[in-house]
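Here's the structure we're looking at; comments come further down.
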Amino acid sequence: MKRDKHEKLMDLAKRRGFIWPSFELYGGVGGFYDFGPLGSVLKEKIIRKWREYYVIREGFFEIDSPSILPEEVLKASGHVDHFIDLMTECQKCGTPFRVVDVIKEVTGEDIEGMPREEVQKFMDEKHVRCPDCGGELGSIFEFNAMFRTMIGPGTKRIGYLRPETAQTIFIDFKRLHRYARGKIPFGIVQIGRGFRNEISPRQGIIRLREFTMAEAEVFFDPQDPHHPKFSNVAGKKIRLWLASDQEKGKTETMEIKAEQAVKNGIVCNELMAYYIVLTKHFLIDLGIPEGAIRFRQQTPGQRAHYSSETWDAEVLTERFGWVEVAGLAYRTDYDLRRHSEFSGEDLSVFLPEERRKVICHVIEPSYGIDRTFYCVLEHSFVQEGNRTYLKLKRELAPIEAGVFPLLNRDGLPEKAITVLESLRLKGFHVEYDESGSIGRRYARADEVGTPYCVTIDHQTLEDDTVTIRDRDTTAQVRVKIEELPKALNLLLREGAALQDVGVPMGL
RNA sequence: GCGGCCGUAGUCUAGCCUGGUCUAGGACUCAGGCCCUCCAAGCCUGAAGCGCGGGUUCAAAUCCCGCCGGCCGCACCA
């Protein structure tokens with residue numbers, strides 16, 4: 001049986017310390033993954049790049065708040081109503097139903113809000129049966145996509161692990177708005193864990209029960225949905241798959257300039273279009289090919305309860321097809337309005353120049369970091385003949401350079417270690433390897449995407465020069481040891497070409 | 001959650017049907033060494049495995065049951 005790319009990649013990921021299933025010692029638990037020594041660093045570097053985009057370039061403010069939320073918050077946000085459902089299943093045909101829906105369908109009565117204990121009785125009394133096949137419905141069970149827990153002793157205070165990081169941003173809105181010195185639009189980001197108790201998590205790291213998300217909430221005046229830098233992206237093309245086309249069964253996407261998409265009313269406003277383009281650039285910057293990126297408009301039935309328009313950034317993968325890595329939702333004023341209502345606190349802002357009050361609207365770009373991580377790995381996985389390597393962007397590679405002695409003798413290992421240590425003192429993430437042949441060491445480094453290898457050979461002992469080898473081309477240049485940090489810095493952080501930092505070596 | 005298939009070192013796999021020299025074999029990998037003046041060479045040595053639990057049996061990797069996990073399909077993914 002031929003093993004596909006995904007399987008080979010996952011072998012590599014487990015073997016070389018990127019990711020593996022959690023709790024393996026105890027048989028494993030579905031929906032949880034550990035990030036190993038290299039995976040942690042890669043993930044961190046993806047997050048670092050995300051911050052470059054949203055915190056540095058957009059100038060958004062980052063917060064970091066608890067993962068456990070008290071029940072009131074999620075009642076206000078609508079998650080308690082939309083995430084926790086009483087379910088039943090037809091004993092004959094196996095179709096699962098939301099109890100509220102099936103009762104409404106069969107009896108026409110709306111039992112929303114009825115205490116759980118009475119619902120079963122109600123169903124029995126009304127002899128509710130399967131609307132599809134007439135079969136008997138099984139007993140009611142609770143399907144709770146949020147992890148519930150208790151805050152403090154006793155059972156008085158119910159808490160949930162957050163299903164998204166966004167909520168505390170809305171809750172902190174007044175302080176954050178003041179921090180932003182009252183000007184809108186402004187953006188707040190949060191990077192952290194989210195939790196969803198998936199029924200059957202599958203597809204490895206694509207659907208996790210605990211995952212890392214990076215979310216930005218952009219607050220703006222609904223009468224002025226402009227982005228100050230929109231002109232920078234107005235002419236950029238984006239690939240869209242419209243909801244209306246999906247409903248018609250059409251699989252074709254359309255390519256359109258951001259500006260046009262807003263003008264034609266395809267995308268709701270400038271801000272949304274701006275962040276669609278930004279998301280595309282971010283993904284390309286991570287090494288995802290442009291052709292493997294599209295934006296799918298969610299159909300009304302697929303949208304979250306808080307969203308009036310959602311665009312999913314999808315990346316094409318070999319194994320899973322198009323995978324959603326980010327969702328851009330127009331949350332309107334839903335969250336701030338609900339939190340105003342439930343808390344009694346006025347969360348509107350006053351616009352002094354126009355002398356009016358407004359509840360800010362929100363555009364939310366929300367990224368699944370674990371899925372992005374997978375897509376980055378899959379798209380960097382290269383097999384050429386018997387050579388396998390990760391063509392990771394230099395700035396993402398967990399190990400920045402390998403340092404090897406050409407041979408295991410003549411003082412080369414000792415010299416290599418002094419070079420290694422000097423690079424470490426300069427802040428480079430470098431690793432030493434003297435096991436096996438030089439070719440094997442290069443192969444090992446290539447396999448985890450290490451972009452450069454520094455080799456100490458006999459000439460080093462004579463003139464204090466070393467070679468730097470490029471992962472993708474295997475070409476080498478020779479540089480002086482004292483210029484090595486500068487050379488690596490140019491290569492890793494300034495995007496310099498190999499031949500610009502040293503003397504090419506003919507071999 | 002339902003149905004089908006599956007679970008042997010770090011990875012891939014032989015063995016399972018037809019229980020017994022299986023003290024579980026191989027390849028790759030990994031560690032130590034030899035050799036070696038640049039791309040997974042070769043040689044020596046070593047580490048490492050039957051998902052978990054129960055049952056049947058004189059005897060279980062092998063047969064049976066339960067659980068856990070994985071893959072595929074349905075549903076779910078707000």
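Just so we're clear, the structure is a prediction, and the values are computed from it rather than from any experiment. We name chains A, B, ... by the order of the sequence lines, and we start the count at 1 in each one.
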I want to verify a distance call: between [options], whose nearest atom is closest to the [X] side chain?
X	options	result
A/S437	B/C76, B/A41, B/C39	B/A41
A/L407	B/U37, B/U11, B/C39	B/U37
A/S435	B/A31, B/C71, B/C36	B/A31
A/R15	B/U11, B/C38, B/C36	B/U11
A/R202	B/C77, B/C2, B/U11	B/C2
A/R440	B/G32, B/C77, B/A40	B/A40
A/N408	B/G69, B/A31, B/C36	B/C36

Taking the same atom, [atom1], in [N] and in [M], what whole-Å distance lies between them?
N	M	atom1	value
B/G49	B/U8	C1'	6 Å
B/C43	B/U23	C1'	27 Å
B/C65	B/G3	P	14 Å
B/G19	B/C64	C1'	13 Å
B/C39	B/G53	P	49 Å

Between atom [atom1] in [X] and atom [atom2] in [N], what is the gap in whole Å?
X	N	atom1	atom2	answer
A/F404	B/C36	CZ	C1'	17 Å
A/E434	B/C35	CD	C1'	15 Å
A/E7	B/U13	CD	P	8 Å
A/Y442	B/A40	OH	C1'	13 Å
A/R16	B/G10	CZ	P	16 Å
A/R209	B/C77	CZ	P	15 Å
A/D34	B/G69	CG	P	15 Å
A/R478	B/C38	CZ	P	12 Å

Open item on the list: Would A/R148 pass as a cation-pi partner of A/Y160, given that its NZ or CZ must be under 6.0 Å from the six-membered ring centre and within 45 degrees of the axis?
Closed with: no
TODO: Using the six-membered ring of A/F373, assess whether NZ or CZ of A/R371 lies under 6.0 Å from its centre and within 45 degrees of the ring axis.
DONE: no
[X] and [Y] ion-paired at < 4.0 Å:
X	Y	value
A/E164	A/R331	yes
A/K486	A/E483	no
A/K415	A/D457	no
A/R394	A/D470	no

When we call it a touch if two heavy atoms are under 4.0 Å apart, what does [X] touch: a base, just sugar-phosphate, or nothing?
X	answer
A/R471	nothing
A/R469	base
A/Q302	sugar-phosphate
A/G204	sugar-phosphate
A/I438	sugar-phosphate
A/T388	base

Ignoring hydrogens and geometry beyond distance, is the side chain of [X] in donor-acceptor contact with the base of [N] at under 3.5 Å?
X	N	answer
A/S200	B/A75	yes
A/T467	B/C38	yes
A/Q476	B/C38	yes

Which base sits across from [N] as a Watson-Crick or G-U pair, both distances under 3.5 Å?
N	result
B/A41	none
B/U21	none
B/C67	B/G51
B/A14	none
B/C35	none
B/U62	none
B/C2	B/G73

Task: Nearest-nucleotide 5' precedence on RNA chain B, A/R196 against A/Y33 - done: A/Y33
TODO: With RNA chain B as reference, determine whether A/H305 or A/G30 sits nearer its 5' end, using the nearest nucleotide of each.
DONE: A/G30
Task: Side chains of A/Q383 and A/K8, donor plus acceptor under 3.5 Å - done: yes
Open item on the list: Let's go through A/H6 and A/Y374 carefully: what are the C-alpha distance in whole Å and the side-chain angles of both, what is the deciding distance for side chain to side chain donor-acceptor pair (under 3.5 Å) to 0.1 Å, and is it a yes or a no?
Closed with: CA-CA 10 Å; A/H6 169 79; A/Y374 176 81; 2.8 Å; yes
